[in-house]
Engineer: 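The structure follows.
Order of the sequence lines sets the chain letters (A, B, ...), proteins ahead of strands, with each chain counted from 1.
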Amino acid sequence: DGGITQSPKYLFRKEGQNVTLSCEQNLNHDAMYWYRQDPGQGLRLIYYSQIVNDFQKGDIAEGYSVSREKKESFPLTVTSAQKNPTAFYLCASIPGTSNYGYTFGSGTRLTVV
Amino acid sequence: QKEVEQNSGPLSVPEGAIASLNCTYSDRGSQSFFWYRQYSGKSPELIMSIYSNGDKEDGRFTAQLNKASQYVSLLIRDSQPSDSATYLCAVFYNQGGKLIFGQGTELSVKP
């Protein structure tokens with residue numbers, strides 16, 4: 001079945017540690033996105049990529065990094081510079097720059113311990 | 001000014017009633033508008049999309065768009081307890097090809 005796979009579902013990070021969240025899609029979509037959601041709030045854009053080897057910062061990119069070496073994969077690294085990383089992270093994709101709405105992965109819940 | 005704004009709620013309606021959810025947006029050039037439903041702890045699920053002024057109906061859901069007023073709404077007829085969720089309004093910004101989300105409206109349907 002085609003879709004977006006995020007892993008892990010739950011992730012615990014110690015203070016000062018970098019962690020990487022995986023996002024893989026087999027939909028042949030060109031554009032991929034990372035959002036962060038805090039309790040009771042909407043989604044805020046972290047990074048997005050419309051083509052391989054290219055990505056742009058969203059509204060809250062500080063403390064995060066991404067890569068887009070393959071069309072199928074768009075991993076997000078939460079660095080130690082992100083002071084408040086506890087949140088629900090969502091990956092999404094669309095074909096090209098179409099406007100038919102995103103397909104979302106099931107999310108990764110990150111907690112600092 | 002927030003780019004996409006929704007009433008945060010919570011909105012409580014009795015079972016069988018009509019639930020009305022509202023959203024305003026700031027970019028007059030936006031052409032694509034979406035409503036997502038999100039259950040607690042789950043990812044958002046697309047339930048409606050609308051691109052032209054007027055109404056678009058799909059089952060118990062009706063999306064309404066008024067570009068002159070920069071206003072989008074979602075009506076849920078015959079509300080059911082299973083409709084209890086957070087509803088996110090999203091607007092597609094052609095520049096950058098990205099969806100901007102509102103903060104969501106929590107809906108509670110009481111049996």
Engineer: Against chain B, label A/L45 side chain, backbone, both or neither, depending on which of its atoms sit under 4.5 Å from a heavy atom there.
Structural biologist: side chain
Engineer: What is the ring orientation for B/Y51 with B/F34, classed by angle as parallel under 30°, tilted 30 to 60°, or perpendicular over 60°?
Structural biologist: perpendicular
Engineer: Determine whether the side chains of A/S73 and A/E24 contain a donor N or O and an acceptor N or O closer than 3.5 Å.
Structural biologist: yes
Engineer: So which of B/V72, B/I76, B/L46 actually passes side-chain contact (heavy atoms from CB on, under 4.5 Å) with B/W35?
Structural biologist: B/V72
Engineer: Is any residue of residues 6-14 of chain A within less than 4.5 Å of chain B by heavy atoms, and which ones?
Structural biologist: none
Engineer: What closest approach, in Å, do B/D78 and B/D83 show between heavy atoms, and which atom pair accounts for it?
Structural biologist: O-OD2, 4.4 Å
Engineer: Chain B heavy atoms under 4.5 Å from A/R44: which part of the residue, side chain, backbone, both or neither?
Structural biologist: neither
Engineer: Using every non-hydrogen atom in the two residues, find where B/Q64 and B/D55 come nearest and quote the distance to one decimal.
Structural biologist: CG-OD1, 3.2 Å
Engineer: Taking ring-ring contact (aromatic ring centres under 6.0 Å, His included) as the definition, give me every residue that meets it alongside A/F55, ordered by chain and number, with sequence neighbours left out.
Structural biologist: A/Y47
Engineer: Pick one of side chain, backbone, both or neither for A/F88, based on which atoms fall under 4.5 Å of a heavy atom in chain B.
Structural biologist: side chain
Engineer: Heavy-atom distance under 4.5 Å to chain A: side chain of B/F33, backbone, both or neither?
Structural biologist: neither
Engineer: Locate the shortest heavy-atom distance separating B/I50 from B/A63; write the atom from each residue and the value.
Structural biologist: CD1-O, 3.5 Å
Engineer: Which residue in the set A/E62, A/Q82, A/R36, A/K57 passes side-chain contact (heavy atoms from CB on, under 4.5 Å) when paired with A/I46?
Structural biologist: A/R36
Engineer: Counting only heavy atoms closer than 4.5 Å, note whether B/Q38 contacts chain A via side chain, backbone, both or neither.
Structural biologist: side chain
